[in-house]
Undergrad: 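Right, I'll just put the structure down here and ask away after.
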Amino acid sequence: MKTKLYYILILLALIYSCNPRIDNPLMNFQIGESEESWKKKIKQDFESGLLTEQYENEDIYRYYFVNGKDSIFADVHFNSDNYNFGKLRTLKFDLRGDTTNYFRKKEYMRSYGPRSIKTVDKLLDWFIEYYGSPNDSIPKIPLEEQVALLNKKLNSDEKFQEIYYIKPEMGALIWTKDNYTIEFYRQEEIKLPFDTVPVQDYSNAYIVYKIKNLEEELKKVTEPIRIKFSAKDVAHVSVEYPEWEKLNNKNYWEYDYEFKIDISQVQRIGREEPRNITDVQFDIVLTDAFENEICRLRDIKCELDEPIELHKGFLIPSVDFVYTMQYNSHSNHVDVINLEKARELNKTNKLKCHSEVTAVVFEDGEVLK
């Protein structure tokens, strides 16, 4: 009997060795554990070599999924919402490939380029072997339906969920665990109609572990930030370089100069405040090369054609707005005196210009200064 048991154990060992399983993707971390705990484990795992190549002092490291003698690298982000404190709310594995960087002096960019379909799908197979089949999935929808969703008007709660990726997105494969979910994403490169070469890469691929009450946990982080906001924290006005035009005045007391400056963009910032903005008030500040203030044109109002809102990407709405001011350069008014100083400095190309937002009106009518 003992001999039979011995051979059974050997057989099981051989079977297991021939069908290795991926190491625990969560390593020694637990979703929802304290900041002290997960940061201590990062330090330990970095010293042991489980995590390598920290990225620019951020909580981003290179990690290798290991399955027997095979391995697949990824960049792991701890709290991928970019708040590197509090509970471990999310753990994201960026599966994109490293690529040549044409825009900076660095030799390459990490997790920025496409990744082989074969590699990503192999990792998906490993996950299915480890966790079983996904419990759920979010199907892909036609392009026209995607556009309709992008144009859908969202309330502040829905906007918060969108900005922080609270809900699974299109294409997600989902595993549901006791206190967290796992979402696996694969986005194929866009294939042009005349392109006959089969698609070989995913343009984007990642895996994210999310604590189950992610929205609640994130609001514990964002609300203390939001309530301290002033107007300059939720909107930014981009201004172009100012110009002066000499006017053909016939009399000494008439306007002889026109100051003009283009307002190129009004940008919604401060993702902790999800409400849309309908009106913006700001100052235009002219300074010397050392940023010493020369002239300040106060309380310029910009009424927007449409409310500006937060976006997940980098879409910044432009505005067609030009601020002009005609004045008499012989006036003793302090604003005119300072504006003339700025005009003279402008001749030396040492004049600087920026805006400072002083007040905004939210879509619900509330004013923030």
Side-chain angles (χ1 to χ4, degrees), residues 56 82 103-104 163 225-247 255-329 331-363 366-369:
E56 295 184 352
N82 292 326
F103 307 106
R104 299 183 185 177
I163 292 298
I225 299 171
R226 188 191 71 83
I227 61 177
K228 294 180 181 178
F229 273 170
S230 62
K232 65 181 176 60
D233 297 311
V234 298
H236 175 74
V237 176
S238 299
V239 295
E240 301 295 335
Y241 204 73
E243 297 177 358
W244 278 263
E245 181 182 350
K246 186 75 171 71
L247 301 177
Y255 294 142
D256 56 350
Y257 279 99
E258 181 178 75
F259 170 82
K260 181 171 70 173
I261 187 166
D262 288 334
I263 313 302
S264 57
Q265 291 177 334
V266 179
Q267 181 183 358
R268 184 67 176 80
I269 58 174
R271 61 184 179 146
E272 293 82 5
E273 173 54 80
R275 289 178 292 175
N276 297 341
I277 290 174
T278 59
D279 301 270
V280 179
Q281 178 179 278
F282 59 95
D283 294 348
I284 292 175
V285 185
L286 305 176
T287 70
D288 63 17
F290 298 99
E291 299 187 353
N292 297 310
E293 185 174 316
I294 299 171
C295 179
R296 179 180 290 262
L297 304 175
R298 299 180 182 276
D299 298 338
I300 298 168
K301 296 175 176 59
C302 179
E303 296 180 3
L304 303 164
D305 293 334
E306 294 183 3
I308 54 171
E309 58 182 300
L310 287 166
H311 289 273
K312 288 190 295 185
F314 298 96
L315 178 63
I316 303 173
S318 60
V319 294
D320 184 16
F321 178 62
V322 180
Y323 175 76
T324 60
M325 174 184 171
Q326 292 185 347
Y327 66 93
N328 186 307
S329 62
S331 170
N332 291 324
H333 192 283
V334 64
D335 284 349
V336 172
I337 293 171
N338 292 336
L339 202 54
E340 278 294 283
K341 290 179 182 178
R343 184 174 68 83
E344 290 300 321
L345 184 62
N346 187 51
K347 295 176 181 178
T348 67
N349 294 320
K350 292 184 178 180
L351 184 69
K352 291 184 176 181
C353 179
H354 68 272
S355 72
E356 292 182 8
V357 175
T358 57
V360 300
V361 181
F362 291 112
E363 205 167 20
E366 182 182 338
V367 177
L368 179 65
K369 294 186 176 182

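In this text, all values refer to a predicted model and were calculated from it rather than measured experimentally. Side chains are part of it too, since the values below use all heavy atoms of this structure and drop only hydrogens, waters and symmetry mates.
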Undergrad: Do the non-hydrogen side-chain atoms of Tyr323 and Val239 ever get within less than 4.5 Å of each other?
TA: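 In short, these two side chains do not touch, never coming nearer than 4.5 Å.
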
Undergrad: Grab the two heavy atoms, one from Ile163 and one from Arg271, that are nearest each other, plus how far apart they are.
TA: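 The pair with the smallest heavy-atom distance is CG2-CB, 3.9 Å.
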
Undergrad: Using a 6.0 Å cut-off, check whether atom NZ of Lys260 has over 12 heavy atoms from anything other than its own residue.
TA: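 No, the 6.0 Å shell around NZ holds no more than 12 heavy atoms from other groups.
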
Undergrad: Assess the residue pair Asp299 and Asp283 against the criterion (side-chain contact (heavy atoms from CB on, under 4.5 Å)); give the C-alpha distance rounded to whole Å, side-chain angles, the decisive distance to 0.1 Å, and a yes or no.
TA: CA-CA 5 Å; Asp299 298 338; Asp283 294 348; 3.9 Å; yes

Undergrad: Could you pull out the closest heavy-atom pair between Pro242 and Leu351, with the gap in Å?
TA: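 Looking at all heavy atoms of both residues, the shortest contact is CG-CD2, 4.0 Å.
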
Undergrad: Which value, rounded to the nearest 0.5 Å, describes the distance between Ile263 atom CD1 and Ser238 atom OG?
TA: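 Between Ile263 CD1 and Ser238 OG, I get 9.0 Å after rounding to 0.5 Å.
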
Undergrad: Output the distance between atom CD (Glu306) and atom CG (Asn276), rounded to the nearest 0.5 Å.
TA: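 It is 10.5 Å, given to the nearest 0.5 Å.
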
Undergrad: Between Phe362 and Arg275, which heavy-atom pair has the shortest distance, and what is it?
TA: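 For Phe362 and Arg275, the tightest heavy-atom pair comes out as CE1-NH2, 3.4 Å.
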
Undergrad: Given Thr358, which of Lys232, Gln281, Arg298 fulfils the side chain to side chain donor-acceptor pair (under 3.5 Å) condition?
TA: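 So the option named by the test is Gln281.
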
Undergrad: Does a side-chain heavy-atom distance below 4.5 Å link Ile300 with Cys302?
TA: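 Of all side-chain heavy-atom pairs linking Cys302 with Ile300, none is under 4.5 Å.
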
Undergrad: Which pair of non-hydrogen atoms, one from Ala289 and one from Lys352, has the smallest distance, and what is that distance?
TA: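 Shortest heavy-atom separation between Ala289 and Lys352 comes out as O-NZ, 3.2 Å.
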
Undergrad: If you count heavy atoms of other groups shown closer than 6.0 angstrom to NZ of Lys246, is the number above 12?
TA: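 Counting other residues, nucleotides and ligands, NZ of Lys246 exceeds 12 neighbours.
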
Undergrad: Among Ile277, Leu304, Val357, which one satisfies side-chain contact (heavy atoms from CB on, under 4.5 Å) with Val266?
TA: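 It is Leu304; the other options fail the test.
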
Undergrad: How long is the gap from CZ on Arg226 to CG on Leu368, to the nearest 0.5 Å?
TA: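 These two atoms lie 9.5 Å from each other.
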
Undergrad: Using only heavy-atom distances, determine whether the side chains of Ser264 and Glu240 contain a donor-acceptor pair under 3.5 Å.
TA: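 Distance-only check passes for Ser264 and Glu240.
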
Undergrad: Are any of the side-chain heavy atoms of Asn292 and Thr287 separated by less than 4.5 Å?
TA: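 Of all side-chain heavy-atom pairs linking Thr287 with Asn292, none is under 4.5 Å.
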
Undergrad: Please check if the number of heavy atoms outside Asp305 that lie under 6.0 Å from its CG is greater than 12.
TA: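 Not buried by this count: 12 neighbours or fewer within 6.0 Å.
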
Undergrad: Can you confirm whether Tyr255 is buried at OH, in the sense that more than 12 heavy atoms of other residues, nucleotides or ligands lie under 6.0 Å from that atom?
TA: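 Incorrect, the count does not exceed 12.
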
Undergrad: Would you give the length of the straight line joining atom OH of Tyr257 to atom CG of Asn328, rounded to the nearest 0.5 angstrom?
TA: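 Spacing of OH (Tyr257) from CG (Asn328) equals 10.5 Å.
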
Undergrad: Which heavy atom of Ile294 sits nearest a heavy atom of Asp288, and at what distance?
TA: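 Looking at all heavy atoms of both residues, the closest pair is CD1-N, 3.6 Å.
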
Undergrad: For the backbone of Ser329 and the side chain of Asp256, can you confirm whether one donor and one acceptor N or O come within less than 3.5 Å of each other?
TA: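 The answer is yes, because a donor-acceptor pair under 3.5 Å joins these two groups.
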
Undergrad: Indicate the atoms forming the closest heavy-atom contact of Phe229 with Val234, along with that distance.
TA: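 What the structure gives for the nearest pair is CD1-CG1, 3.7 Å.
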
Undergrad: Under 3.5 Å, side-chain donor or acceptor atoms of residues 334-342 against the rest of the protein: list the pairs with distances, not counting sequence neighbours.
TA:
residue, atom, partner, partner atom, Å
Asn338, ND2, Val334, O, 3.3
Glu340, OE1, Arg343, NE, 3.4
Glu340, OE1, Arg343, NH2, 2.7
Glu340, OE2, Tyr327, OH, 2.6
Glu340, OE2, Arg343, NE, 2.8

Undergrad: To the nearest 0.5 Å, tell me how far Glu363 CD sits from Glu309 CD.
TA: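 Rounded to the nearest 0.5 Å, the CD-CD separation comes out at 8.5 Å.
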
Undergrad: Answer whether the closest heavy-atom distance between the side chains of Lys228 and Glu272 falls below 4.5 Å.
TA: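 SC-SC contact between Lys228 and Glu272 ruled out.
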
Undergrad: Say you draw a straight line from CD of Glu356 to CD1 of Ile284; how long is it, rounded to the nearest 0.5 Å?
TA: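 Spacing of CD (Glu356) from CD1 (Ile284) equals 11.5 Å.
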
Undergrad: Under the ring-ring contact (aromatic ring centres under 6.0 Å, His included) rule, what pairs show up with a residue in residues 258-282, not counting sequence neighbours?
TA: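 Every pair satisfying ring-ring contact (aromatic ring centres under 6.0 Å, His included) with a residue in residues 258-282: Trp244-Phe259.
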
Undergrad: Measure the shortest side-chain to side-chain distance between Glu273 and Arg268 over non-hydrogen atoms and say whether it is less than 4.5 angstrom.
TA: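 Heavy-atom side-chain distance check passes, below 4.5 Å.
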
